[in-house]
Amino acid sequence: MKTVNHWIDGKSVEGGSGTYGPVTDPATGAVTTRVAFASAEEVDAAVAAAKAAYATWGGSSLAARTSVLFRYRALLDAHRDELAALITAEHGKVHSDALGEVARGLEIVELACGITTQLKGELSTEVASRVDVASIRQPLGVVAGITPFNFPAMVPMWMFPLAIACGNTFVLKPSEKDPSPAIRLAELAAEAGLPDGVLNVVNGDRTAVDRLLEHPDVAAVSFVGSTPIARHIHTTASAHGKRVQALGGAKNHMLVLPDADLDAAADAAVSAAYGSAGERCMAISAVVAVGDSGDELVAKIRERAEKIKIGPGDDPASEMGPLITKAHRDKVASYVHDAAAQGAQVVLDGTGLTVAGYEDGHWIGLSLLDKVPTTADAYRDEIFGPVLCVLRVATYEEGVALINASPWGNGTAVFTRDGGAARRFQLEVEAGMVGVNVPIPVPVGYHSFGGWKHSLFGDHHIYGNDGVRFYTRGKVVTTRWPDPADGGVDLGFPSHR
Ligand code: NAD
């Protein structure tokens with residue numbers, strides 16, 4: 001059986017605690033790998049390596065940092081297929097989807113390659129007689145990242161490339177469910193010439209996370225995962241004096257107005273609800289149909305959903321793979337089983353699916369629930385599986401009020417041909433990312449990603465300009481080169497005149 005170790009100070013380090021967790025191939029249900037679970041002492045070793053590396057890396061030139069990142073970009077590009085295969089083997093998503101994940105992660109490496117323009121700072125000359133003021137941004141020190149299972153390559157790449165480009169060193173704790181891609185990312189960074197200790201990976205569970213949250217040498221924590229854990233990370237790391245951004249879960253709504261192109265809306269709903277088996281924080285899990293659009297829209301979604309091919313992620317014919325674990329599969333199924341009793345109409349029930357030759361895989365088919373009451377568990381909870389709820393409302397106003405009553409505010413979308421309605425929606429909806437006829441509005445790398453309400457705890461969105469601000473702190477330098485005429489004691493408060 002394969003073993004996944006830690007990556008500390010530029011080399012693979014075996015788990016010293018002797019504790020390991022199982023990693024499963026979701027398509028077969030077989031345990032293929034064991035992953036080391038770090039003890040607090042092993043986390044300390046990784047933080048110590050990062051702290052030692054910071055002494056040099058934090059003061060290294062921008063040219064030195066970006067030349068490593070350009071080489072890293074080229075290596076990642078050459079290893080797209082290999083990384084995607086690693087993702088599929090442990091996450092289960094289909095290969096084309098895994099390639100998309102790698103591409104979106106690469107975008108942030110490319111952004112980091114251009115860090116020179118982001119760190120230029122600001123200069124005001126002659127703010128008073130012979131006085132100049134410069135605002136500069138400097139790195140924080142050691143930064144930690146804790147990431148979820150559903151994007152085992154992309155989400156780590158949302159964090160560490162920008163953090164290290166800004167001059168920080170990094171300790172990553174990836175999901176224990178699919179840890180191999182993160183280790184491969186670290187190996188490739190070393191191959192690109194990243195000095196030892198700048199990027200470290202500790203594997204494990206809560207023990208490792210909690211040590212990072214309280215460690216005195218960790219300056220900041222980036223987290224992406226579920227809402228309850230995001231809240232815990234934000235509260236605990238803040239209490240230990242750290243800067244924190246903690247991105248949480250979601251329930252993303254798609255508002256379909258009666259004038260929308262219903263074929264385009266149905267295509268978008270099926271792609272966004274069932275892609276990656278619904279295991280995306282930006283998945284559309286609730287369609288809100290306005291006026292008389294509902295019946296036709298549900299029929300079109302059903303027709304498309306019935307044609308989706310489900311099978312192992314490494315089979316090019318598969319469009320959707322299995323869920324991450326057997327327990328998660330059963331939990332997702334329970335929402336479908338309970339839906340009718342809670343007032344929904346079950347249009348498609350995918351819970352009975354089996355895949356020939358893969359009987360022990362974590363399979364579930366596509367489910368579609370219509371006329372779902374807002375009180376039903378399938379609507380109230382983040383299911384994180386291929387279950388789409390359709391809710392019916394009479395008016396645009398009712399639809400926006402329903403969306404804004406949700407505790408989450410990650411992504412949302414409006415489908416319409418009416419520019420005025422779309423503009424109104426952008427301004428009125430309470431969510432961090434809005435799509436207009438775009439169902440999954442994940443921002444490109446140079447715009448930041450983040451939700452509102454229970455989808456993000458902290459003040460900074462991730463990557464883009466917010467990412468650079470998060471991974472740096474400001475310093476303002478006021479300079480005077482005195483002239484002999486400037487002499488004399490003055491006890492008044494400096495007024496810059
Ligand atoms: P999770 O919260 O269970 O785990 C995330 C990370 O936290 C993992 O590294 C895990 O080991 C660690 N962790 C788990 N329990 C912990 C505990 N009690 N104490 C400390 N650390 C703990 O999330 P997941 O199941 O891996 O990922 C799915 C969730 O992530 C969904 O809710 C999804 O919406 C969310 N997500 C959000 C975004 C976003 O950008 N907002 C992106 C991807 C995923």
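In listed order, ligands and their atoms are each counted from 1. Please read these numbers as outputs of a predicted model, since none were measured by experiment.
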Heavy atom of the protein closest to [atom] (residue, atom name, distance):
atom                    : result
atom 40 (O) of ligand 1 : Phe449 CE2, 3.0 Å
atom 23 (O) of ligand 1 : Ser226 N, 3.5 Å
atom 28 (C) of ligand 1 : Phe384 CE2, 3.6 Å
atom 34 (O) of ligand 1 : Glu382 OE2, 2.6 Å
atom 30 (O) of ligand 1 : Gly225 C, 3.0 Å
atom 15 (N) of ligand 1 : Ile229 CD1, 3.5 Å
atom 39 (C) of ligand 1 : Cys281 SG, 3.3 Å
atom 9 (O) of ligand 1  : Thr147 O, 2.8 Å

Does ligand 1 have any atom that is closer than 4.0 Å to a heavy atom of Gly451?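 No, Gly451 has no heavy atom closer than 4.0 Å to ligand 1.
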Strictly under 4.0 Å, does any heavy atom of Trp158 approach an atom of ligand 1?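 Yes; Trp158 lies near enough to ligand 1 that a heavy-atom distance drops under 4.0 Å.
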Nearest non-hydrogen partners of Met159 and Val224, listed with the distance: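 Residues Met159 and Val224, closest heavy atoms: CE-CG2, 3.7 Å.
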May I ask you to list the atoms of ligand 1 that are less than 4.0 angstrom from any heavy atom of [X]?
X      : value
Asn150 : 43 (C), 44 (C)
Glu176 : 10 (C), 11 (O)
Val209 : 20 (C), 21 (N)
Ser175 : 9 (O)

For the residue pair [X] and [Y], confirm or rule out a side-chain donor-acceptor distance under 3.5 Å.
X      : Y      : answer
Thr351 : His337 : yes
Thr24  : Lys177 : no
Gln342 : Asp377 : yes
Tyr335 : Asp381 : yes

Is the backbone of [Y] close enough, under 3.5 Å, to the side chain of [X] for a donor and an acceptor to pair up by distance?
X      : Y      : value
Glu319 : Lys309 : yes
Trp452 : Trp408 : no
Glu279 : Gly385 : no

Answer yes or no: is there an ion pair linking Lys93 with Glu101, defined by an N-O contact shorter than 4.0 Å?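 A salt bridge links Lys93 with Glu101.
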Evaluate the side-chain proximity of Lys371 to Val390: yes if any heavy-atom separation is below 4.5 Å, no if none is.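 Contact flag for Val390/Lys371 side chains = no.
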Evaluate the criterion side-chain hydrogen bond (donor to acceptor under 3.5 Å, both in side chains) for residue pair Tyr471 and Ser222; output intermediate values, then yes/no. CA-CA 10 Å; Tyr471 292 127; Ser222 296; 2.7 Å; yes
Could an N or O of ligand 1 be found under 3.5 Å from any N or O of [X], whether backbone or side chain?
X      : value
Phe151 : no
Gly248 : yes
Lys173 : yes

Among Ile146, Asp205, Leu456, which one puts a heavy atom closest to atom 12 (C) of ligand 1?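 Checking each option, the heavy atom nearest atom 12 (C) of ligand 1 is found in Ile146.
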Could you check whether atom 4 (O) of ligand 1 has a protein contact, counting only heavy atoms that fall below 4.0 angstrom?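 So atom 4 (O) of ligand 1 lacks protein heavy-atom neighbours under 4.0 Å.
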NZ or CZ of Arg231 within 45° of Phe457 ring axis and under 6.0 Å: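 No, a cation-pi geometry is absent between Arg231 and Phe457.
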